[in-house]
Amino acid sequence: MTTAVMLDNMIGRPHLFSMCEVGGEGDMMEVKVTNPRVIGKAIKDIQFPEKSLLVMVQRGSDSIIAHGSLVLEYEDIVTVIGEGDATKKTADILYK
């Protein structure tokens with residue numbers, strides 16, 4: 001719960017960070033969903049890179065812990081954690 005609250009605070013204040021390092025090889029990034037190919041699809045139905053994880057979705061004033069059956073909507077802001085270039089590749093899938 002503490003992690004969710006911390007991430008919610010970061011998402012609610014996007015000027016505080018857009019990308020930060022997690023551990024030695026990971027990154028965390030916020031991405032706005034604009035790709036028509038993923039809008040209206042459940043997270044589980046989108047093929048994301050293996051070493052990436054969608055953590056939280058901010059939709060308006062609501063923060064939602066990401067889960068497989070969550071359907072992405074236009075302009076959702078998704079917090080992504082990934083290793084190597086997985087974070088960037090995931091961002092490219094969400095934002096096109």
Side-chain angles (χ1 to χ4, degrees):
M1 189 59 158
T2 301
T3 302
V5 170
M6 181 187 78
L7 289 171
D8 182 42
N9 285 336
M10 285 192 218
I11 292 170
R13 296 164 186 81
H15 60 280
L16 293 180
F17 87 111
S18 60
M19 184 170 178
C20 63
E21 189 174 317
V22 179
E25 298 183 22
D27 293 312
M28 179 183 288
M29 179 184 292
E30 287 184 319
V31 183
K32 186 178 283 190
V33 177
T34 58
N35 184 349
R37 292 184 173 151
V38 300
I39 294 168
K41 286 191 176 183
I43 291 172
K44 66 182 177 186
D45 296 329
I46 304 166
Q47 190 163 352
F48 292 108
E50 185 176 314
K51 294 187 176 186
S52 67
L53 177 65
L54 278 62
V55 180
M56 179 98 49
V57 176
Q58 182 176 358
R59 182 173 294 153
S61 62
D62 296 329
S63 294
I64 307 162
I65 294 175
H67 54 86
S69 59
L70 181 65
V71 174
L72 295 176
E73 295 181 6
Y74 180 71
E75 293 193 343
D76 280 349
I77 298 173
V78 179
T79 303
V80 178
I81 296 175
E83 287 184 26
D85 63 350
T87 308
K88 171 85 170 80
K89 288 180 179 180
T90 300
D92 290 343
I93 292 168
L94 296 168
Y95 182 86
K96 285 218 177 195

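In this chain, numbering begins with 1 at the start of the sequence shown.
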Ion pair K88/D92, N-O distance below 4.0 Å: yes

Enter the distance from [X]:[atom1] to [Y]:[atom2] here, rounded to the nearest 0.5 Å.
X   : Y   : atom1 : atom2 : value
D85 : K51 : CG    : NZ    : 10.0 Å
I39 : T34 : CD1   : OG1   : 6.5 Å
I65 : M56 : CD1   : CE    : 5.5 Å
L94 : I46 : CG    : CD1   : 6.5 Å
D76 : E30 : CG    : CD    : 12.5 Å

Is there a side-chain contact between [X] and [Y] (heavy atoms, below 4.5 Å)?
X   : Y   : answer
R37 : K96 : no
V78 : T90 : no
M29 : V31 : yes
L54 : L70 : no
P49 : I93 : yes

Verify same cluster id: Y74, V33 (apolar side-chain graph, 4.5 Å):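 Same hydrophobic cluster.
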
V71-V38 co-clustered via ILVMFWY side chain contacts under 4.5 Å: no

Exam field: side chain E50 to backbone S52, donor-acceptor pair closer than 3.5 Å: no

Heavy-atom pair of closest approach, residues H67 and I43: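 Where H67 meets I43 most closely, the heavy atoms are O-CD1, 3.5 Å.
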
Minimum-distance pair of heavy atoms, taken over all atoms of K32 and E75: CG-CA, 3.8 Å

